[in-house]
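A short worksheet on the structure shown next.
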Amino acid sequence: MEGTIRVRFAPSPTGFLHIGGLRTALYNYLFARHHQGGKFILRIEDTDQKRYVEGAEEDVVESLLWCGIEIDEGPGKPGAFGPYRQSERKDLYKEHAQQLIESGHAYYAFDSPEELDQMRERLQKSGNPSPKYDAITRQSMKNSLTLPRDEVEDLLQMGADYVVRLKVPRRENIRFEDEIRGHVSFEAKGLDDQVLLKSDGMPTYHLANVVDDHLMKITHVIRGEEWLSSTPKHILLYRYFGWEPPKMAHLPLIMSPSGGKLSKRKAEEEGIPVNTRAYIEQKFEPEALVNFLAFLGWSPGDDSEIHSLEDLCKLFTLDRVSKGGAVFNYKKLLWYNEHYLREKPDRDLAARAKRIAESRGLSGIDDDYLIQIIPLMKERVSKIEEFITFGKFFFEDPEEYDEKALKKWKENSPDLVKAYRDKIADWEADQFKADRLKSALQEVIDEKEVGFGKLMMPLRIAVTGLGFGPDLFPALELLGKETVLRRIDRALQELG
RNA sequence: GCCGCGUUCGUCUAGGGGUUUAGGACGCCGCCCUUUCACGGCGGUAGCACGGGUUCGAAUCCCGUACGCGGUACCA
C-alpha cells in the first residue's frame, strides 16, 4: 500500500469553498503527504448544472493554495487520469451505466417527476412515511423491468426522457469497514433504486463518484459523514462493476456552536464565517486556520497544539480522527491566529499591514516608521488588520475619544497634561526619546504628588484616543514632538 | 417516522479494563509581572449522558434508554 496512496478532494462547484470542505481537503492532503509518494487529487464534481456557480472552481483552487495545500493532479494540473472535471467525462459515465444495464444491475426508468410525486404521495397516504423507488415499488412503475421490451426500445428510440436506476437487491445486509468507524452495515431494503444517470445525461454523484474513484485509482475515500448512508449504494456499484472498493473513511461533521451542521445562515448568525474566502479576506494567518482545522476532529495524541502543515503531514493518521462532530470554536481560532502572528517577522507584518492600510485609504505610510510600530503592537493584536485599527493613532490624529477611556480623564487631568506639555514643549527633536519622555512624566507626577497613572492615562487618551495600547513612551517617540503636542492641545481643548 | 452514526470539562481533545485524586488546550476566574491594555508566568473552575450487565476491578467491554447529528432527491 505504501507508495501508492491516492486520495481526492471532490467538491461540487456550487459556491465558495465551505470551511468544512476545506477541512476535508486538508485531511485528504495530510493523509496523502503522510505516505511517501501519496497523491492528492482535486476533482470537480460539476454534474449538477442547475447549481453550478461560475468561479467556484477557481475559489477552491485559490483557497487550497492559500492554505499551502498543493494539488498533485486536477484541472489545470495534468495527470495520467484526467480529465478532472466530471462534466468532461460524461461519456465515461454513460458507458458505465450501459454496462450495468447489460449486466442486469441497472435499468431504464421513464417515470416523469409528476409520476414519481404521485407514487410517493400515494404511498405516504397509505402509511408509508418514506416511500422509495425500490424492489417493491419499481414493479408498478414505468421502467425497463416492467415494460415490454419493444416498448422500451420504442421509448428510447423516440428520445423519451429516461433515467438509469440502480437495481438494489430486495434484501441483503450490506457491510463495509470504515477506517474511522469500524464495521458499518445497512439493510438493502432501506435503500432506494438510486438514479445513476439523470435525464439530462449527466451522472449523479453516486455513479460518477464510483466510476472516477476507480478509474483514478483512488485508494482511500476520505469524505464527510453526510456520505456515510449512501456508501452502501457505492459498495453495490463497486461490486456490480467487479471492482475492489477503496478504503472508506467518513469524517465527523463540523458543528455550529448552537448545534447542527455548520450551515451558512446559522453559523454566520453566530459570528462564524463559513466560506474559506471570508477567512482569506479577513486576513487570517493560513497557518492558524490550518492548525485549527486539523485539530477539529483529530489530534496527534499528545499534548501538543502547535503544528505547521509540514508537521501535520508527518503526524496525521486516520486512526486518530475522532468520531463525534466537532463544534467550531472561534476563540480558539483567534488564539492560533495570535500565535502565528507573533511568530512572523516584523518586516513581513509591516508589508502586509501597509497593504491593508492602503486599501483603507491610509496612504503614504513610511516603511521605516511602520516597521517600528509592529513590535509595539504585536503582542496586542489577534488579527493583522488590528495593527491598523487599534493602531490607527499611529497614522492619524484621534477623531474622538473612547468612551470607556474617558473615565480616566479626571478633574485634574488637564492640569497634569498641561504641565507635561510645558515640560516637553521646547525639546529639540533629538531629545524626544522614550526614556526621556518617561522621566519627564516622572518629574511631573513628583512635582504634583500624584500617581503615575494619573498622568499616563490622560496623556494616552489625549494622544491615542484610547484607554489601552502599546507602551506609551516609545509610541510618543515614534509619533514625534509635533504630533504629540498637537494632539495634547486638541485634547485639552476638547476635554477641558 | 424509518435507517445510520455518535456521546469524556462550556468548547477541541488525551485516555481503549487496574498506571487516573480522569491529562492537555481554548475560554472563563484569580494571583504575579506591568503604575495602561496585552504578552508571559503561576494557580483555579469545570467533564466520563443515564440505567443495567460482564468483571475481583469499567470512562474504557456488552445491552438498553435518552439526547445529538446525518441520511431519507433526476443535490452534492
query: At under 4.0 Å between heavy atoms, what does A:Arg181 touch on the DNA or RNA strands: base, sugar-phosphate, or nothing?
result: sugar-phosphate
- request: Could you tell me whether a side-chain N or O of A:Arg223 sits under 3.5 Å from a main-chain N or O of A:Thr24, the two making a donor and an acceptor?
  value: no
query: Short question: side chain of A:Thr137, backbone of A:Lys132 - any donor-acceptor pair under 3.5 Å?
result: yes
message: Counting only heavy atoms and a strict 4.0 angstrom limit, can you tell me which residues of residues 400-414 of chain A come near RNA chain B?
response: none
- request: Could you state the atom-to-atom distance from CE of A:Met457 to P of B:rU34 in whole Å?
  value: 18 Å
Whole angstrom value for the distance that separates P of B:rC5 from CD of A:Glu179: 16 Å
- request: Return the 5'-most residue of the pair A:Lys323, A:Met456 with respect to RNA chain B, ranking by each residue's nearest nucleotide.
  value: A:Lys323
field: 5' precedence on RNA chain B between A:Arg380 and A:Leu296 (nearest-nucleotide basis)
entry: A:Leu296
- prompt: Which is true for A:Thr14 with a 4.0 Å heavy-atom rule: it touches a base, it touches only sugar-phosphate, or it touches nothing?
  reply: nothing
side-chain N/O A:Lys438 vs B:rU35 OP1/OP2, d < 4.0 Å: yes
message: Does the protein touch nucleotides 66-74 of chain B at the base, only the backbone, or not at all? Give it as B, S and - per nucleotide, heavy atoms under 4.0 Å.
response: ---SSS-SB
- prompt: Across all strands, who's sitting opposite B:rA66 as a Watson-Crick or G-U wobble pair, both distances under 3.5 Å?
  reply: B:rU7
message: Has A:Arg43 got a side-chain atom pairing as donor or acceptor with A:Gln86's backbone, closer than 3.5 angstrom?
response: no
query: How long is the line joining CD1 of A:Ile174 and P of B:rC5, in whole Å?
result: 13 Å
- prompt: So, do A:Lys448 and A:Asn412 sit near enough that their side-chain heavy atoms are less than 4.5 Å apart?
  reply: no
query: Given atom CD of A:Glu270 and atom P of B:rU11, what is their separation to the nearest angstrom?
result: 13 Å
- prompt: Do the side chain of A:Glu386 and the main chain of A:Val381 share a donor and acceptor less than 3.5 angstrom apart?
  reply: no
What nitrogen or oxygen pairs link the protein and nucleotides 42-44 of chain B at under 3.5 Å?
none

query: For nucleotides 21-31 of chain B, read 5' to 3', which letter fits each nucleotide if B means a protein heavy atom sits under 4.0 Å from the base, S means only the sugar-phosphate is that close, and - means neither?
result: --BBBBS----
message: Within the 4.0 Å heavy-atom criterion, would you say A:Pro252 contacts the bases, only the backbone, or no part of the nucleic acid?
response: nothing
- request: Give a yes or no on whether the backbone of A:Leu459 and the side-chain of A:Arg487 come within a donor-acceptor separation of less than 3.5 Å.
  value: no
task: Check whether the side chains of A:Asp212 and A:Tyr84 place a donor and an acceptor atom closer than 3.5 Å, and report yes or no.
output: no
query: Tell me, which pairs form a side-chain hydrogen bond (donor to acceptor under 3.5 Å, both in side chains) where one or both residues lie in residues 320-331 of chain A, sequence neighbours left out?
result: none
message: Can you tell me how the ring of A:Tyr279 sits relative to the ring of A:Phe328, calling it parallel under 30°, perpendicular over 60° and tilted otherwise?
response: tilted
field: Short side-chain N/O contact from A:Arg320 to OP1 or OP2 of B:rG16, under 4.0 Å
entry: no
task: Could you verify whether a donor N or O on one side chain and an acceptor N or O on the other, from A:Glu270 and A:Ser258, lie under 3.5 Å apart?
output: yes
- prompt: When we call it a touch if two heavy atoms are under 4.0 Å apart, what does A:Gly325 touch: a base, just sugar-phosphate, or nothing?
  reply: sugar-phosphate
Set of ring-ring contact (aromatic ring centres under 6.0 Å, His included) partners for A:Phe316, sequence neighbours left out: A:Tyr27, A:Trp298
query: Going by distance alone, is a donor N or O of one side chain under 3.5 Å from an acceptor N or O of the other, for A:Glu45 and A:Ser12?
result: no
- prompt: In this structure, which one of A:Thr276, A:Asn275, A:Val274 forms a side-chain contact (heavy atoms from CB on, under 4.5 Å) with A:Phe16?
  reply: A:Asn275
query: Does NZ or CZ of A:Arg165 come closer than 6.0 Å to the centre of the six-membered ring of A:Tyr133, within 45° of the ring's axis?
result: yes
task: Check the angle between the aromatic planes of A:Tyr205 and A:His234 and answer parallel, tilted or perpendicular using the 30° and 60° thresholds.
output: tilted
task: For B:rC12, take OP1 and OP2 only and decide whether either is under 4.0 Å from a side-chain N or O of A:Ser322.
output: no
message: Counting the atoms with a prime plus P, OP1 and OP2 as sugar-phosphate, which does A:Asp471 contact under 4.0 Å by heavy atoms, base, sugar-phosphate, or nothing?
response: base
